[in-house]
Amino acid sequence: MDRRSFLDSLSRGLAATTLFPSIGFAQQGIPKDRLIVRSPRPEDLETPVHLLTSWITPNELFYVRSHFYTPSIDAGAWTLRVDGEVDRPLDLTMAELRSVPSISQVVTMECAGNGRAFFDPPVAGVQWEKGAIGTAAWTGVRLADLLNRAGVRPSARYVWLDGADRGLGRAPDFVRSLPVEKAMHRDTLLVYEMNGEPLPASHGFPLRAIVPGWEGAYSVKWLTHLQVSARDHDGPFVQAGYRYPRRPVAPGSAVPAAETVPLRDLPVKSLITMPASNAVISRGVPVRIAGFAWAGEAGIRRVDVSTDNGRTWAAARLGPDEARYAWRAFEYVWRPGGGGSYLVLSRATDTRGLTQPIVPDWNPAGYVWNAIDQIRVNVAV
Ligand SMILES: Nc1nc2c(c(=O)[nH]1)N[C@H]1C(S)=C(S)[C@@H](COP(=O)(O)O)O[C@H]1N2
Ligand SMILES: [Mo]
């Protein structure tokens, strides 16, 4: 399937998109006026979950997580440097990248800190609730193709990814380190289009990584430098951030770095997007409960819904749209027995048989909250 028909095939629920000329300055910010501002600058914007109504998230509704200011990049002057443990270092222009046959993939991206606001005791960091997640069709090239062109040496163990953003004040640069096996995986991409448009500035124009199934911070934006290395990067975004306790810890405790391991793939999780929490529903009318479920590198086997505080569960119907690393829609039609206030729960199970916990493990940075989701619905008496 060529790229255009691939994108056309995704168009269900997505407004028509236009292909823009490929080379130019960073796109002006797309309007993000419907998002929740967790920080205006650097930009941390959360999607209100009731706006997540389609399998593909439109660009103007896609959450933004940036540690530092969005760099303004002239794509005509921009190059990507590939060096380190390689036989032939490369300097690639955007025109060279675009001359390679492109591939498109629908991938769900979620910030490791999504749901941080729900941890008890509370933890420091952006207080994301449920909407630091979205799904897009990403178009670009395989990272493995570039690495093979450069000739990765047997000594290589990691690929360090660096973007054009700079640490604020004395803050260190945002650099992430990807194990070479995941970097060489055919599904790991460097992309220049998001839902058929050039990458918007907030999402990494002109080029970003897409590391499918793994927590969002691996998908480095505004890429300028890939350094292949025999060792892990020693910066704080690798050695301190995005790490998780090796064993479950008492809530509130301090965990030394030596007792942590890097976060990688996302755990199984579901999200009810409809009805909105605290909605008031008329009596006697069936209620459509809908949302999405995802599980990092695994697929979704089932989603169950409970309308009686988890005493009983019923299988939801899974939606028609599927892609290896994309969330799956679910739907359940509920006929409330009578008026009153109800908790509606959703619980996903992945293809490995893993299911969502009632209470996720507390961890000092508040990562990967994946409790069974819940909303409250009030049925008119
Ligand atoms: N260069 C750079 N890349 C980055 C970040 C950043 O701050 N700088 N944030 C990361 C994090 S934490 C996440 S969750 C995703 C968010 O991508 P989005 O803003 O396109 O949603 O980008 C990742 N890539
Ligand atoms: Mo993130």
Side-chain angles (χ1 to χ4, degrees), residues 26-27 29-30 32 35-47 52 56-73 78 80 107-117 125-129 131-138 140 160-168 171-178 188-195 197-226 233 235-238 240-244 262-266 296 365-369:
Q27 303 298 299
I30 38 169
K32 293 275 194 184
L35 303 192
I36 303 159
V37 179
R38 299 281 175 214
S39 160
R41 217 170 156 264
E43 253 187 330
D44 292 317
L45 310 176
E46 175 169 345
T47 314
L52 293 170
I56 300 284
T57 312
N59 290 355
E60 67 273 15
L61 294 180
F62 207 100
Y63 84 95
V64 178
R65 169 52 170 146
S66 298
H67 291 76
F68 307 120
Y69 298 153
T70 301
S72 172
I73 297 175
W78 172 96
L80 176 69
V107 174
T108 293
M109 189 162 56
E110 184 184 20
C111 183
N114 195 25
R116 178 177 288 128
V126 182
Q127 295 298 299
W128 302 110
E129 293 180 13
I133 176 141
T135 299
W138 309 95
W160 301 349
L161 300 95
D162 191 9
D165 53 342
R166 280 278 104 86
L168 271 174
D173 197 10
F174 186 84
V175 180
R176 295 281 293 150
S177 177
L178 188 61
T188 298
L189 307 182
L190 302 186
V191 305
Y192 43 74
E193 280 179 15
M194 179 179 185
N195 294 331
E197 293 175 23
L199 268 182
S202 301
H203 297 290
F205 180 90
L207 190 76
R208 78 175 302 168
I210 289 293
V211 179
W214 287 25
E215 60 84 15
Y218 285 98
S219 293
V220 175
K221 305 192 276 191
W222 313 295
L223 275 178
T224 52
H225 187 193
L226 305 179
H233 192 265
F237 293 99
V238 175
Y242 305 105
R243 301 180 72 91
Y244 196 80
L263 279 174
R264 291 187 170 171
D265 62 327
L266 293 165
Y367 293 134
V368 292
W369 173 269

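Order of appearance sets the numbers: ligands from 1, and atoms from 1 within every ligand.
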- Message: So if I count the atoms of ligand 1 from 1 in the order they appear, which ones are less than 4.0 Å from some heavy atom of Phe62?
- Response: 21 (O)
- Contact check, side chains of Trp214 and Arg264, non-hydrogen atoms, under 4.5 Å: yes
- Note on the structure: With sequence neighbours left out, the residues meeting side-chain hydrogen bond (donor to acceptor under 3.5 Å, both in side chains) with Thr108 are Thr135
- Query: Nearest protein heavy atom to atom 5 (C) of ligand 1, by residue and atom, and its distance?
  - Reply: Phe174 CE2, 3.7 Å
- Atoms in ligand 1 with a heavy atom of Tyr242 nearer than 4.0 Å: 12 (S)
- Message: Does only the side chain of Tyr69 get under 4.0 Å from ligand 1, or the backbone, or both, or neither? Count heavy atoms.
- Response: neither
- Query: Which of the atoms of ligand 1 are close to Val220, meaning less than 4.0 Å from one of its heavy atoms?
  - Reply: 1 (N), 3 (N), 24 (N)
- Measure from NZ or CZ of Arg176 to the centre of the six-membered ring of Tyr218, then state whether that distance is under 6.0 Å and the direction lies within 45° of the axis. yes
- Between Tyr63 and ligand 1, which residue portion shows a heavy-atom distance shorter than 4.0 Å: side chain, backbone, both, or neither? both
- Item | atom 19 (O) of ligand 1: nearest protein contact (heavy atom, Å) | Lys221 NZ, 2.6 Å
- Run the numbers for me: atoms of ligand 1, each under 4.0 Å from some heavy atom of Cys111, listed by number. 14 (S)
- pair Leu80-Trp78: side-chain heavy atoms closer than 4.5 Å: yes
- Message: Is the contact between Met109 and ligand 1 made by the side chain, the backbone, both, or neither, using heavy atoms and a 4.0 Å cut-off?
- Response: side chain
- Note on the structure: When distances are taken from atom 24 (N) of ligand 1, the protein heavy atom at minimum range is Ser219 O, 3.1 Å
- Item | For ligand 1, the portion of Asp165 having any non-hydrogen atom under 4.0 Å away | side chain
- Per-atom contacts of ligand 1 with Arg208, taking only distances under 4.0 Å to non-hydrogen atoms: 15 (C), 17 (O), 18 (P), 20 (O), 22 (O)
- Query: Is there any N or O on His203 that sits under 3.5 Å from an N or O of ligand 1?
  - Reply: yes
- Task: Return yes when Tyr218 approaches ligand 1 closer than 4.0 angstrom through a heavy atom, no otherwise.
- Result: no
- Message: What protein heavy atom lies closest to atom 9 (N) of ligand 1? Include the residue and the distance to one decimal.
- Response: Arg65 O, 3.2 Å
- Note on the structure: heavy-atom search around atom 10 (C) of ligand 1 in the protein gives Ala217 CA, 3.8 Å
- Message: Against the six-membered ring of Phe68, is Arg166 placed for a cation-pi contact (under 6.0 Å from the centre, within 45° of the normal)?
- Response: no
- Task: Please identify which atoms of ligand 1 are closer than 4.0 Å to at least one heavy atom of Ser66.
- Result: 7 (O)
- How long is the span from the CG atom in Asn195 to the CG atom in Asn59, to the nearest 0.5 Å? 4.5 Å
- Item | Leu161 side chain reached by Leu226 side chain, heavy atoms, under 4.5 Å | yes
- Nearest non-hydrogen protein atom, atom 15 (C) of ligand 1: Gly216 O, 3.5 Å
- Message: Please evaluate residues Lys221 and Ser66 with respect to the criterion side chain to side chain donor-acceptor pair (under 3.5 Å), reporting the C-alpha separation (whole Å), side-chain torsions for both, the decisive distance (0.1 Å), and the verdict.
- Response: CA-CA 9 Å; Lys221 305 192 276 191; Ser66 298; 3.0 Å; yes
